[in-house]
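Taking it in order: structure first as structure tokens, then the write-up.
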2 protein chains.
Amino acid sequence: MSAGKKFEAMSGNIKKIAELAQTSKSSVSRVINNNGYVSADVRERVEKAIASINYHPNAGARTLRGSPSRLVGVLLPSLDVPFFGILAHSIEQAFFALGYQTFICSTAESQDREQAYVGMLLAQRIDGVIVASSRQEVDPFTPLRDRNIPMVAIDRPMPGLTDVCVHVDNHYGGTLLAKHLIELGHREIAIISTPRHSEPMIQRVNGACAALAEHGLKPVQIAYGNEHNLGAGRRLATKLLQKTPRPTAIIGTSDTAAIGAMHAAVDLGINVPGDLSIAGFDDIPEASYVLPRLTTVSQPTRKIGERAVHRLHQMMSGELELAVEDRLPLKLVVRQSTAKI
Amino acid sequence: MSAGKKFEAMSGNIKKIAELAQTSKSSVSRVINNNGYVSADVRERVEKAIASINYHPNAGARTLRGSPSRLVGVLLPSLDVPFFGILAHSIEQAFFALGYQTFICSTAESQDREQAYVGMLLAQRIDGVIVASSRQEVDPFTPLRDRNIPMVAIDRPMPGLTDVCVHVDNHYGGTLLAKHLIELGHREIAIISTPRHSEPMIQRVNGACAALAEHGLKPVQIAYGNEHNLGAGRRLATKLLQKTPRPTAIIGTSDTAAIGAMHAAVDLGINVPGDLSIAGFDDIPEASYVLPRLTTVSQPTRKIGERAVHRLHQMMSGELELAVEDRLPLKLVVRQSTAKI
DNA sequence: TTGTAAGCGTTATCAC
DNA sequence: GTGATAACGCTTACAA
């Protein structure tokens with residue numbers, strides 16, 4: 001029974017195709033891979049045989065012979081927050097178009113998981129990896145580097161790991177937000193930054209502080225959280241808004257944080273943007289879902305994914321040997337959540 | 001140079017480990033797989049050798065010998081809409097915990113893509129598949145069924161493909177929404193359903209209509225769209241709200257559609273819930289992001305993913321041979337977007 | 001133009 | 001306890 005089952009589940013192989021088509025394994029291989037000489041006659045018989053049992057060449061056996069696996073890995077902190085969901089989606093789609101299959105790995109900000117994933121990807125003999133690590137920690141990924149696996153850092157650079165990076169200028173984005181609020185007349189500006197140790201968030205805070213400093217200002221408070229979700233922003237803002245004097249504006253280092261702050265304001269009966277301006281970062285779809293619609297710095301999320309795929313593809317084809325840093329453009333999008341004081 | 005490169009990129013193999021540890025391939029294999037007799041001495045030498053070159057067994061070669069690949073596929077219509085993003089995430093996490101690697105495939109509602117993905121998954125010799133197809137179309141997936149690949153349908157049944165399904169009772173969910181609005185005094189109720197041909201959406205519409213019929217009512221209009229995004233709902237609602245007489249309530253068959261409708265109302269200066277009640281379906285995080293927060297039917301999205309993984313795991317271990325239909329519970333969540341007329 | 005045979009990395013079988 | 005060896009499915013010299 002076990003044997004019977006195995007047989008049923010077993011897919012045909014190249015030998016079986018050869019038998020069905022009354023030819024040899026080599027000829028079948030030649031047809032499949034479209035190389036070498038094959039007569040029209042043999043080709044037709046083989047194609048018929050392949051279709052007749054819905055045969056698919058065993059990818060593992062192929063890579064065993066030295067062909068690239070056409071498998072790639074994408075390591076992201078999570079998948080269920082909008083920004084990374086969209087990023088993962090655009091990456092997966094772009095790889096599919098190039099004939100690659102993607103392992104999307106959600107590392108949940110844990111080094112143990114990162115390490116486990118790296119091991120699995122190596123075992124699958126992936127051709128390349130796109131990586132965004134929660135922290136700048138390089139350790140879990142060094143086995144990839146040591147094997148010369150082509151790697152592209154996305155969303156944040158990974159110095160010491162790879163010299164190819166696709167991201168945005170988060171520092172500059174931070175200055176855009178601060179300047180916008182200053183122009184609107186705000187002087188008492190607070191910042192909500194979460195998750196705390198994420199490099200992009202740190203850069204955004206720094207940028208905002210730098211722009212404030214140019215006007216002789218500094219943030220009335222910088223509140224840090226640990227999670228990348230609405231609740232974190234809401235909690236931090238609730239605390240912050242109950243202090244006196246209250247800030248007249250809040251910068252969230254992500255839209256999620258900013259929207260959380262908006263909810264805190266509603267809970268406390270504070271009018272946005274009448275009594276309080278709020279701005280975010282990323283321009284996820286939800287930014288224009290909320291009412292009032294959120295002023296934010298727009299990041300070309302899909303393009304970032306696509307560019308990273310393009311770069312990795314170049315590396316895997318040996319067309320890119322040098323260090324490259326792609327900085328995609330940011331844009332301030334003014335909506336209804338910020339106003340003159 | 002090509003050869004040199006290849007060598008560099010090449011990872012060590014079991015033979016190399018055997019040399020380093022001064023033993024045979026067989027003993028190395030025994031250590032790795034923890035079966036058969038190995039002396040403590042040999043074991044230690046092998047483990048040291050493995051660590052020294054960061055060796056990872058070639059997964060493809062293993063499956064060539066007949067071991068399961070511990071690879072699974074998940075076919076979803078998309079990844080960048082919140083519901084499927086969360087579903088994909090919970091599935092991937094649950095599989096990781098079981099030692100499986102997941103191919104997340106975003107089929108973009110296209111049969112060509114579905115077919116291409118099925119071919120790729122078959123070539124990778126995946127052990128099982130979780131599938132949610134946009135339509136009830138079985139054709140692209142029959143090669144999986146023909147090979148006896150364990151399959152679980154998720155979010156919607158796939159009759160003729162698999163008898164194992166994890167979903168919710170969408171019809172019942174539809175009745176919950178209609179009853180809620182009727183209780184609030186609404187009689188002029190419109191429905192916005194998108195994407196049109198999605199089976200869950202159809203069921204939700206049917207459920208709502210059935211509940212209305214019980215009270216001698218029927219929807220003033222059912223508007224259909226084709227996309228699963230905010231814009232579709234907004235467009236449909238804008239049209240619908242400009243007719244006279246205007247409905248006093250709108251049921252969206254998804255939160256996305258409902259939030260789109262909310263934006264249409266804002267654009268037209270219609271107060272929600274004062275002049276118009278709006279309710280959605282799914283309870284994605286965004287449902288409580290919007291203001292007013294959205295009344296909706298809550299679907300246990302993460303649990304659905306986890307249960308599907310559990311079922312597939314059972315099938316792959318041969319513990320589940322029969323048909324199973326898991327229906328997870330729905331719950332009406334009343335928030336601020338619906339009110340008495 | 002076609003077929004034979006070796007070898008990719010692994011594990012199971014069997015002999016020692 | 002340990003080590004040869006064959007076999008998994010495939011591609012590629014090389015021979016015919």
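Everything quoted here is computed from the prediction, not taken from an experiment. Letters go in sequence order (proteins before strands), and every chain restarts at 1.
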Starting at [atom1] of [X] and ending at [atom2] of [N], how long is that distance when rounded to a whole Å?
X       : N      : atom1 : atom2 : value
A:Ile50 : D:dG9  : CD1   : P     : 16 Å
B:Leu64 : D:dC10 : CG    : C1'   : 8 Å
B:Asn13 : C:dG9  : CG    : P     : 5 Å
A:His56 : D:dC10 : NE2   : P     : 12 Å
A:Ile14 : D:dC10 : CD1   : C1'   : 6 Å
B:Lys15 : D:dT5  : NZ    : C1'   : 14 Å
B:Ile17 : C:dT10 : CD1   : C1'   : 13 Å
A:Ile53 : D:dG9  : CD1   : C1'   : 13 Å

Original post:
A:Thr23 near the nucleic acid: base, sugar-phosphate alone, or nothing, with a heavy-atom cut-off under 4.0 Å?
Top reply: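 If one applies the 4.0 Å heavy-atom cut-off, A:Thr23 turns out to touch the sugar-phosphate alone, with no base involved.
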**OP:** List the steps and the verdict of side-chain contact (heavy atoms from CB on, under 4.5 Å) for A:Ile104 and B:Thr102.
**Re:** CA-CA 7 Å; A:Ile104 299 174; B:Thr102 308; over 6 Å; no
Subject >> Under 3.5 Å: donor-acceptor pair, side chain of B:Thr301, backbone of B:Ile86 >> reply: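 Not at all, since once roles are kept as given, no pair shorter than 3.5 Å links the two residues.
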Original post:
Would you say the side chains of A:His89 and B:Ser106 form a donor-acceptor pair under 3.5 Å?
Top reply: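 The answer is yes; a qualifying pair exists.
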Original post:
Distance check: side-chain N/O of B:Asn58 vs OP1/OP2 of C:dG9, anything under 4.0 Å?
Top reply: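 Result: no.
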Original post:
Is there a residue in residues 24-47 of chain A whose heavy atoms reach under 4.0 Å of DNA chain C, and which residues are they?
Top reply: A:Ser24, A:Ser26, A:Ser27, A:Arg30, A:Tyr37, A:Val38, A:Ser39, A:Val42
Subject >> Flag if over 12 foreign heavy atoms under 6.0 Å of CD, B:Glu19 >> reply: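 Check passes, neighbour count above 12.
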Original post:
Hey, is CD on A:Glu137 packed in by over 12 heavy atoms from elsewhere, all under 6.0 Å?
Top reply: yes
Subject >> side chain to side chain donor-acceptor pair (under 3.5 Å) partners for B:His167, two or more places apart >> reply: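 Listed in chain order: B:Glu325.
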